[in-house]
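A, B, ... follow the sequence lines: proteins, then strands. Residue 1 opens every chain.
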Amino acid sequence: MYSFSYHRPASVAEAANLIANAADGKLVAGGQTLLPTMKHRLASPSDVIDLGAIAELGGIVVNGNIVTIGAMTPHAEVAASGEVQEAIPALAALAGNIGDPAVRNRGTIGGSIANNDPAADYPAAVIALGATVRTNRREIAGGDFFTGMFETALEEDEIIVAVDFPRPEAAAYMKFENPASRYAIVGVFIARTAGGARAAVTGATDCAHRAYRMEEALAKDFSPAALADFQAPVDRMNADIHASAEYRAHLVRVMAQRAVAACA
Amino acid sequence: MREQGIGASVRRKEDQRFLLGKGRYTDDINVAGQTHAYFLRSPHAHAVIEGIDTSAAAAAPGVVAVLTGDDLAADGIGPLICGVTVTSDDGEPHRAPAHPALAQGKVNHVGDHVAIVIAETLTQAQDAAELVDVKYRPLPAVSSTGDAAGEGQQQIHDVAPNNVCFNWPFGDKAANDEAFASAHKISSIELTNNRMVTNPMEPRAALGEYNSGTEEITLHMTTQNPHVHRLVLAAFNQLAPEHKLRVVGPDVGGGFGAKIFVYAEELVVGWACRKINRPVKWTGDRSEAFMADAHGRDHVSRAEMALDENGGFLAMRVHTTANLGAYLSTFSTMVPSYLYAFLLAGQYATPLIYSEVKAVFTNTAPVDASRGAGRPEATYLLERLVDVCAADMGLDPAEIRRRNFIPKDAFPYQTPVVQCYDSGDYEAALDQAMELADYAGFAARAEEARSRGKLRGIGFSSYVEACGIAPSAAVGQLGGGVGLWESAQVRFNPTGNVQVFTGTHSHGQGHETTFAQLVCDQLGVPFENIEVIHGDTARTQFGMGTYGSRSLAVGGVAIAKACDKLIAKGRKIAAHAMEAAEGDIEFADGNYTVAGTDKSMNIAEVAFTAYVPHNYPEGVEPGFDENAFFDPMNFSFPAGTHICEVEVDPDTGEVEIADYTAVDDFGRLVNPMIVEGQVHGGIVHGIGQALLEGCRYDSDGQLVTASFMDYAMPRADNAPDFRIGYAPTDPPHNPLGVKGCGEAGAIGAPPAVINAIANAIGARHVEMPATPETVWRACQSAA
Ligand SMILES: Cc1cc2nc3c(=O)[nH]c(=O)nc-3n(C[C@H](O)[C@H](O)[C@H](O)COP(=O)(O)OP(=O)(O)OC[C@H]3O[C@@H](n4cnc5c(N)ncnc54)[C@H](O)[C@@H]3O)c2cc1C
């Protein structure tokens, strides 16, 4: 690790100020992604701004049909939250199956979506549930937030404050795990909402995305059978030592069918 | 039986400190004036070094020294050696390329050692390492085991044409060919044995201290065999004379083979501390363990069995290409030869076996012994082949094994491949395993699984291994450079407690408990009054260390022999004290008794008398402290049958281990709880190889699985509860009646798992690791 200056602001405004004035500043949330990168000397920020002491970034609030999760909420807290389990059980289950206990106790929803790892789980939920990402500057629709591999709509120095999830009628997330890291090789999030069926896929391609063709098929018939002939485009799939493009495309269909079945 | 003697599941003494975080590992030790070392490693798989400029690094803040291969050569240190000779088919010894501890003009694998940077802090050393300017001229890399010796491949070492280390045929080829020519049927299989990264929990580490007053080097390090390290470092690497070198293996967090070998880092640290006259510490990180620990396995094989009309095995032939990596690690040549081909008979009375092993160099980390070492490779090949034979003959896999087992009345049994098995009852283990696994109920379980959309399969593996390594004479005959006896010293203190010094080393095996049980049982001394000491060449008289499931089978016997000597000496002292004839003294349960009387003396009193010899027999030395060495007459041959049941999800290819039964013959069990722990760990190790672990290099020789994010280790949820049974037989060569148990699971499990998967999906073969995609594809083609 290279040396850096460490800051621990008490408010979002103070954090925004610090990051704006740093030569090459980085926000740190749970540190589960940032710290290993720094330890391997692949990142060398001049300043590390720790969001851990900012009370306004924590907590889970349910207000009518909206579940608001503060950016600094660790996965374990989302998984254990009675409110989330009641309102969107699929989201609690998703959080409860991220990584391992150490990762879940440190890693946060804000860090996860800001990082936008192509194999991360939360992005599929944010997209499929039609969530809204609130930052210190604006609100960003979940569907517009994830723009490419490790890329998001966040501007430089913009800070995620919370994510608002509307309550679906039913939802389910099916994840096929990488046996080593236990990130998603393929994850499919299906939601049945007042506005119709919504689907998002993570792990399969360079960035989590909405699956419009899947939604069309499900609009006609919300059943696993409706996806029997669904074909994910092999040429757009990721391929690595854990799964070929062809296998990933196959898994997209299998996971989608299982998620639909679990929504029933 | 004493409550804490042989046969009791005594809780492990050492866990008190391990569970409380009070273990003392190499990295826990810090000394005044200590510096920190960082190894600069090659990012290239294969490259010529055209120059190294260390000047900027040497001038960086906090840097004490930057040393390269030239400095090492100037001091005459190294190179690293391989201690076992295999004679190639041209009558010449195996090709042994130079293995400098820091590169000299060339690097041959990613992670190869280029320079050591020593600074006041580790961060300063790492910062300075970035300033070392190494001019590399990359060369094409060889990374594929199967292709390494092929036409037109890049040459790695001048001394090894076609990248071949040795070609080693073994057996009577003509007789074998004849048997094949007249066979009723020939079954064959081609398979790879996947490369594994051994990954003990604690990475390697070393702390070197030089005392310029005594000219002695003390090297604390992660070792499974401190005296072997000292011997090789002194005799072959010129680090220091043996009497001026102290090697200490304090608590060591697992080895599984990877900490047997003499590596570059530990040697360089030992040398550097003298050169700069300050202590030097190096602690490897996980990335370094992936790149620079010796790996295991990595074979590509073809095997055929000639069968008669009843499924009897007439002859077997095998061709194996074994990857030894870029350099020869300390015992590497022995693994795919003597520890492999000599185990190819397995549990069967196959009269003829012919094997050819081609060992090759590649631009990958060195490959050497890893839990099981050669025996898992032999067992996997044979037990897969046996299942293919069963399928070809339309026989039940249990039945074909039974028909070919060496019968229990045939022991000692001379196999056609050197080993003479001393004892065994293979059918007893098979029967018990089938009973425990409820083989009869399998069809119903498979039917029920089918109703849930799952394919359930069952697989057998009947293995035998040679451990208790090893008879020195046999090792010498085979080209080994060492003797493989073990030594012990058992010392009573005047106050009656006992210190047991063993030359084996415990790095998770629980020796401090097991060996104390032996002594408690034999000498009748309370368990809590016995301390087992190991791992320090300055405290322990001698030893060859721990590997090859030898600690109890060889080291335990040495302890028992030292105890025998104490008992014999004590008899003289007790006879004198009790004014009886020596012949009238009986020893039992810690007491010397004059036969037929109630006169008796406890061994602790005898010990006191030996140190305070006021009333003492003439001609008997004072003191109560005995040494013993033990060199076994033969290997020991643990064996058993494992049965695995899996459920395959045909939609995804996921495999769940639904049930697992292991029935093993380890001879007598000293601590059944510890044995069971070893069995569990071994099986999970084997499940890891079968389902998850696959070390991969790409065609440029880059290590693709360089961290736990890509290299999948088994976890608790990858394994079911186990059904464990024992079918012991008595090994006539072993005075304690023990055989060894540390490697059995890792040997038995892989074929049991793969045979179960093949059975579930109706495939002839599925390669390891049987990842979901591999199994899904096999399902597609089987369908
Ligand atoms: C072993 C392991 C297994 C894992 N398995 C999974 C898995 O199965 N599924 C999965 O989805 N994830 C997985 N993860 C990732 C983990 O869940 C974390 O979510 C992820 O590492 C990022 O969260 P963090 O809070 O640790 O962020 P950090 O590492 O602290 O930060 C990550 C990035 O986000 C930025 N950032 C953080 N907070 C904010 C904010 N409020 N506003 C703007 N930018 C911000 C940081 O500047 C940094 O660039 C795994 C990680 C590990 C180490």
Interface moiety of T771(B) toward chain A, non-hydrogen atoms closer than 4.5 Å: neither
Gap separating the CZ atom of R41(B) from the NE2 atom of H109(B), nearest 0.5 angstrom: 8.0 Å
Aromatic F222(A) / basic R192(A) pairing, under 6.0 angstrom, 45° off normal: yes
Interface moiety of T774(B) toward chain A, non-hydrogen atoms closer than 4.5 Å: neither
Top contributor to chain A contacts, counting heavy-atom pairs under 4.5 Å, from D710(B), V704(B), L692(B): D710(B)
Between N116(A) and E151(A), a side-chain donor and acceptor under 3.5 Å: no
Interatomic distance, E647(B) atom CD to R450(B) atom CZ [nearest 0.5 angstrom]: 11.0 Å
Portion of R253(A) that has a non-hydrogen atom of chain B nearer than 4.5 angstrom: neither
Structural part of M1(A) lying under 4.5 Å from a heavy atom of chain B: backbone
Side-chain H-bond candidate by donor/acceptor type, E265(B) with H113(B), under 3.5 Å: yes
Pair D27(B)-T283(B), side-chain donor/acceptor within less than 3.5 Å: yes
Those residues of residues 27-51 of chain A, ordered by number, that approach chain B below 4.5 Å (heavy atom to heavy atom): H40(A), R41(A)
Part of E654(B) within contact of chain A (heavy atom distance under 4.5 Å): side chain
Distance-only polar pair, side chains of E288(B) and Y38(B), donor-acceptor under 3.5 Å: no
Full working for side chain to side chain donor-acceptor pair (under 3.5 Å) between D651(B) and Q257(A): CA-CA 11 Å; D651(B) 291 336; Q257(A) 287 184 300; over 6 Å; no
With T652(B), the side chain to side chain contact (heavy atoms under 4.5 Å, CB included) member among L251(A), V186(A), I185(A): L251(A)
Donor + acceptor pair across side chains of E77(A), H75(A) (<3.5 Å): no
Structural part of N718(B) lying under 4.5 Å from a heavy atom of chain A: side chain
Toward chain B: residues of residues 241-250 of chain A with heavy atoms under 4.5 Å: I241(A), H242(A), A243(A), S244(A), E246(A), Y247(A), H250(A)
N323(B) and T362(B) side chains, donor-acceptor separation under 3.5 Å: yes
Donor-acceptor side-chain pairing of D298(B) and T145(B) below 3.5 angstrom: yes
Distance, nearest 0.5 Å, that separates CG of N199(B) from OH of Y711(B): 6.0 Å
